[in-house]
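When a residue number appears, it is its place in the shown sequence, counting from 1. Remember, it's a predicted structure, so these values are computed and weren't measured experimentally.
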Amino acid sequence: MQTFHGVQAMRGVAALAVVCGHAVIARSDGGIRSAAEAAHTIFASGVDIFFVISGFIIASTAASQTDALNFAFRRAIRIYPMYWLVLGAAFISSYWIALAPEDRPALDLGYIFAWGYPNWYIPPAWSIAFELHFYAVVALILAISPRHLFAMLFAALGLAVVAIVFHLPLGIYSHPLILEFGAGVFIAYLVRVKGALPRLPYIASISAALFAAGWYWIFVHGSSDPQVARVPTYGLGAALLIYAVVSAELHGASFPRILQWLGSISYSLYISHFLLIRWIANFPELWQISPAAIIVGSILLSIGVAAVLHLLVEAPTLDWGRKLTARKAGVVPLTFPGVGDLQKP
């Protein structure tokens, strides 16, 4: 029964990176446009870190569960209340603010349940669709054979590789980014089997080099398919980063509390910040005062709003869901209880 504070801290780092990326590009034009896009390109790697963390956390917690419905309910409680709150605000706002370049689509079930990709109303929520597809596979495995969770997850990832290589029309399951969940699953498997991860020399440096290579490949060189380019760069870099963090903590390392706190509000931050930044971007007179100050203010305000949403909505909802599932199914021993219930998209 162990909480991985380092993983929680990395969730905070990943969420903050995504927020910074959207803040710097919100109203960039003219001479600063290129610099803003360069910053946005590297900050976008926060999503890749999230995907690896999700694979690690979900595989770790699911390995100690046998109730597929319990698992699915807790994932739904984790995702939907905050998502629906922000979706409602985005839907109302869309009558005055353009949230994306395309015309506003109908609010169908794909948007309501965040199953579609991309997401017009909450653009960052495209990643939630990937999360939900991953959860669906885990829930199915728990329903069929929970004792063979890792073996079946690896088999499913093998099928995903086949679908990607042969361009099979399986939607998100044939998207290259789905492999980043597999990296997290593999780290969770190593921890479960070995109980500890050996320290690897220069792993942090290699991780940083891969992130830099991804930025160069996508932004400077101009990849014809950025989603493919980010998997062997951002994805592998994120996997090595999370491996290094978990290994370090297993060997006694500690992590800043401020980053752990950011990790605790990271879902609220991730799901709400884009709408707030779009609202601010709609007041051009503010940007004429000081673009840099507005960018910093947008980031700080996003964190503040997320903290309030976490306190008033997210945390009480999670607590209610935790107590309800405990009463229905008995206490479920989670591998990482402090982290498992703080899963992003």
Side-chain angles (χ1 to χ4, degrees), residues 4-28 35-54 56-57 82-83 86 122-128 131 180 184 204 207-208 210-212 214-215 219 230 234-235 237-242 244-246 248-249 254-281 291-311 314-315 338-339 342-345:
F4 276 76
H5 300 288
V7 174
Q8 187 74 328
M10 289 305 101
R11 293 183 71 239
V13 170
L16 186 59
V18 174
V19 174
C20 290
H22 288 142
V24 298
I25 207 169
R27 281 193 68 90
S28 59
E37 290 179 348
H40 178 262
T41 300
I42 188 62
F43 283 137
S45 63
V47 175
D48 303 86
I49 297 173
F50 270 132
F51 283 173
V52 175
I53 290 175
S54 181
F56 175 74
I57 293 175
M82 274 298 305
Y83 173 76
V86 177
I122 311 176
W126 68 267
S127 65
I128 294 181
E131 297 273 354
E180 296 181 349
S207 174
L210 285 168
F211 281 112
W215 176 83
F219 178 75
R230 67 193 298 170
Y234 290 167
L240 294 179
L241 174 64
I242 299 307
V245 167
V246 173
E249 187 158 359
S254 59
F255 297 85
R257 289 188 178 274
I258 183 64
L259 293 182
Q260 295 180 48
W261 175 77
L262 277 176
S264 70
I265 69 167
S266 60
Y267 181 55
S268 293
L269 180 59
Y270 184 85
I271 205 65
S272 66
H273 78 276
F274 186 85
L275 182 58
L276 179 61
I277 289 173
R278 289 301 304 158
W279 286 346
I280 295 173
I294 298 304
I295 289 172
V296 173
S298 299
I299 295 169
L300 295 177
L301 186 57
S302 296
I303 294 173
V305 169
V308 173
L309 290 174
H310 174 77
L311 181 65
E314 184 183 7
V339 175
L342 296 173
Q343 175 59 33
K344 171 207 151 274

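- Side-chain contact check for H273 versus V18: some heavy-atom pair is nearer than 4.5 Å.
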Going by atom type alone, with no hydrogens or angles, which donor-acceptor pairs under 3.5 Å involve a side-chain atom of residues 302-309 and a protein atom two or more places apart or on another chain?
| unit_1 | atom_1 | unit_2 | atom_2 | d |
| --- | --- | --- | --- | --- |
| S302 | OG | S298 | O | 2.7 |

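- Note that CD1 of I49 is 4.0 Å distant from CZ of F211, once rounded to the nearest 0.5 Å.
- Looking at residues two or more places apart in sequence or on another chain, you find a ring pair (Phe, Tyr, Trp, His ring centres under 6.0 Å) between W126 and F51, Y117, F130.
- Here the shortest heavy-atom pairing between H5 and Q260 reads ND1-OE1, 3.0 Å.
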_For I42 and Y234: C-alpha separation, side-chain torsions, deciding distance, then whether side chain to side chain contact (heavy atoms under 4.5 Å, CB included) applies._
CA-CA 9 Å; I42 188 62; Y234 290 167; 3.9 Å; yes
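- Considering only heavy atoms from C-beta on, V13 comes within 4.5 Å of L259 through its side chain.
- Checked by atom type and distance alone, the side chain of E314 never pairs as donor or acceptor with a backbone atom of I265 at under 3.5 Å.
- Considering only heavy atoms from C-beta on, R230 comes within 4.5 Å of V47 through its side chain.
- For the atom pair OG1 (T41) and CD1 (I25), the distance works out to 7.0 Å, reported to the nearest 0.5 Å.
- Formation of a donor-acceptor pair under 3.5 Å by the H310 side chain with backbone atoms of S264 is found in this model.
- For W279, the side-chain hydrogen bond (donor to acceptor under 3.5 Å, both in side chains) partners two or more places apart in sequence, or in a different chain, are S93.
- A distance of 12.0 Å separates CG in L300 from CD1 in I295, rounded to the nearest 0.5 Å.
- Evaluation of the ring pair (Phe, Tyr, Trp, His ring centres under 6.0 Å) rule for F43 yields no partner, not counting sequence neighbours.
- To the nearest 0.5 angstrom, S272 atom OG is 10.0 Å from Y267 atom OH.
- Residues that satisfy the ring pair (Phe, Tyr, Trp, His ring centres under 6.0 Å) test with H40, not counting sequence neighbours, are H22.
- Side-chain contact, R11 with Q8: a donor N or O sits under 3.5 Å from an acceptor N or O.
- Shown here for F56 and V246, the closest heavy-atom pair between the two residues is CZ-CG2, 3.9 Å.
- At least one donor-acceptor pair closer than 3.5 Å links the side chain of W215 to the backbone N or O of A38.
- If you take CD1 on I242 and CD1 on I57, they are separated by 8.5 Å, rounding to the nearest 0.5 Å.
- Counting all heavy atoms, side chain and backbone alike, A238 lies closest to V52 at CB-CG2, 3.8 Å.
- Smallest separation of non-hydrogen atoms from I271 and I122: O-CG2, 3.8 Å.
- Here the closest non-hydrogen pair linking S266 and A15 is CB-CB, 3.7 Å.
- Closest non-hydrogen pair, E249 versus V7, comes out as OE1-N, 4.4 Å.
- Looking at residues two or more places apart in sequence or on another chain, you find a side chain to side chain contact (heavy atoms under 4.5 Å, CB included) between L210 and I206, L236, L240.
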